[in-house]
Amino acid sequence: MAMGMMENLGSVSTLWSALVSVLLFWPVVNNHVPAGLRQWLSTMVDKLTSYLSPYLHVTISEYGHERFRRSDFFLAVEAYLSHACARRARKLRADLGKDARTVQITVDDHQEVTDSFRGATIWWYPSKKPPRTNVISFYPRDDDARFYRLVFHRRHRDLVLDAYLPHVLAEGRAVTIRNRQRRLFTNNAPGASTSYYSRKSVWSHVPFEHPATFDTLAMEPADKDAILDDLTAFRDSKDYYAKVGKAWKRGYLLHGPPGTGKSTMIAAMANFLDYDVYDLELTAVKTNTDLRKLYIETTGKSIIVIEDIDCSVDLTAKRSNDKKKKKSSDEDDDDKPKLPTEQEKDEASKVTLSGLLNFIDGLWSACGGERIIIFTTNHKEKLDPALIRRGRMDVHIEMSYCRFEAFKVLAKNYLGVEQHEMFVEIRRLLEEIDMSPADVAENLMPKASKGKKRDPDACLAGLIEALNKAKVEAAEAAKAKEEEEAAAAKAKEEEEAAKVKAAKEKEKDDEAAGTKHEELFALDDRRDHICQDRARSGFQSSSCI
């Protein structure tokens, strides 16, 4: 048995000696052997190496089937290694990646990084393809495309392919989301395009840097806590939505007077959830198809906003009957076919109520997941009930005027004051006067006065003065409204009295006319009787002829 083992070891050593000899003479072969034969020898060496080695290799290229776009899996691996394995590498590369808010540290090329997963040891090798000389490429970065090579023992094949790679993908995406610079998107006008080498995009974006949070939001604490609980439940309910068979999305309707913080609420939601924001301008969308394209180009973990929806598009789903009647009468007068006017073309290309409803909860709304749709309006009563019913706009949030609890948040934010003797007077005035949080905040904003900054006492006194002024103006407006209503009522009464008087006069005239008619009729009847009597007596009169 020992003799057999010695013979096996001798054969293996002989094989390794041959392999080393091939590697040593490979430069000579590369320079003097024809290309075809060299390719065949290279293939045979690779087969021999793979046959002898117990390790398997997986290559993740920087560019996949989309040559102009980096592979999502490659980016996930890059993020995973920078987070989990970069500390163990001896050479690192620092870069401010695209849409990243912090410096991204990644493993430099040609460095070995070791990772472990469920008892298995895995090696990563970031590499770069050598440039091809005398070749002009039409693809970006085709000559310096990078890739990752994953090496593991063959006994861990199922573990790596079925569990480790999905783990790397999920963790890499999570790291990317945590490190990314959140963005504010707006839809491009029809016909707009991006660079020549990139595919056309329907969205443009800038970094989202709004500082609003729920801590600084002027709102009743109970309402604020209810919104936070609802947002948290939505974020953590992926499995629940899948269980009940609903798309993972939620709708919010923010309604209230101008200046009550609807846009600030949206920014606070985005910052709390760490979501991107898509500000959809409906007036720039021409058709329902374009609206659908915009939706499918949005990503998960995002908020889609349509502000002032009652002003953005005609959602009444009504037609102008007068125009139709006029058009039909014109067609009756002239049977010749007519081309549509420019106005008719423009009206026919607008988004319809049906298209918007499908956008919210149609089949296409299930594309992707973890999206919030928010509508804002100053006039909730103007919206079609089908648009804001539960299931489309799940939560209705009324953004009302500033009350005392909201004022305390503003006083703390702007002045750093939590208690003050003027709060009692301010509380009484806020219960009597409707003032928006924006107006209250403007009065609390410290301003320079004669080279000195205004102190909190001056700001609060200024707010009280503004509230008293608003109270006087509201009283004057109410008095003027009452006088106007009284004048209108008086004018209406006078109009009704005039109508009654005219009706009575008309009735009197009609009665007089009727009496005269009856007298004439009686006179004619009497004349006829006299003529008949004279005719019977044989006497003829000229008045009876």
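Positions are given from 1, in the same order as the sequence printed here.
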Would K224 and D215 pass as an ion pair if we require N to O under 4.0 Å? no
Would E484 and K481 pass as an ion pair if we require N to O under 4.0 Å? no
Stacked cation flag R371 on Y295, 6.0 angstrom / 45 deg: yes
Can a side-chain donor-acceptor contact be found between D229 and T232 if the only test is distance below 3.5 angstrom? no
Donor + acceptor pair across side chains of D457, H420 (<3.5 Å): yes
Decide yes or no for S127 and Y148: does some side-chain heavy atom of the first lie under 4.5 Å from some side-chain heavy atom of the second? no
Does a side-chain N-to-carboxylate-O contact under 4.0 Å join E370 and K238? no
Is the number of heavy atoms from other residues, nucleotides or ligands under 6.0 Å of E381 CD greater than 12? yes
Sequence neighbours excluded, every pair satisfying salt bridge (charged side-chain N to carboxylate O under 4.0 Å, His left out) that has a member inside residues 351-362: D361-R389, D361-R392
Heavy-atom side-chain proximity of I372 to L273 below 4.5 angstrom: yes
Just wondering, do M219 and M399 contact through their side chains at under 4.5 Å, heavy atoms? yes
For F423 together with F407, are the ring centres under 6.0 Å from each other? yes
Y252 and I397, any side-chain heavy atoms less than 4.5 Å apart: yes
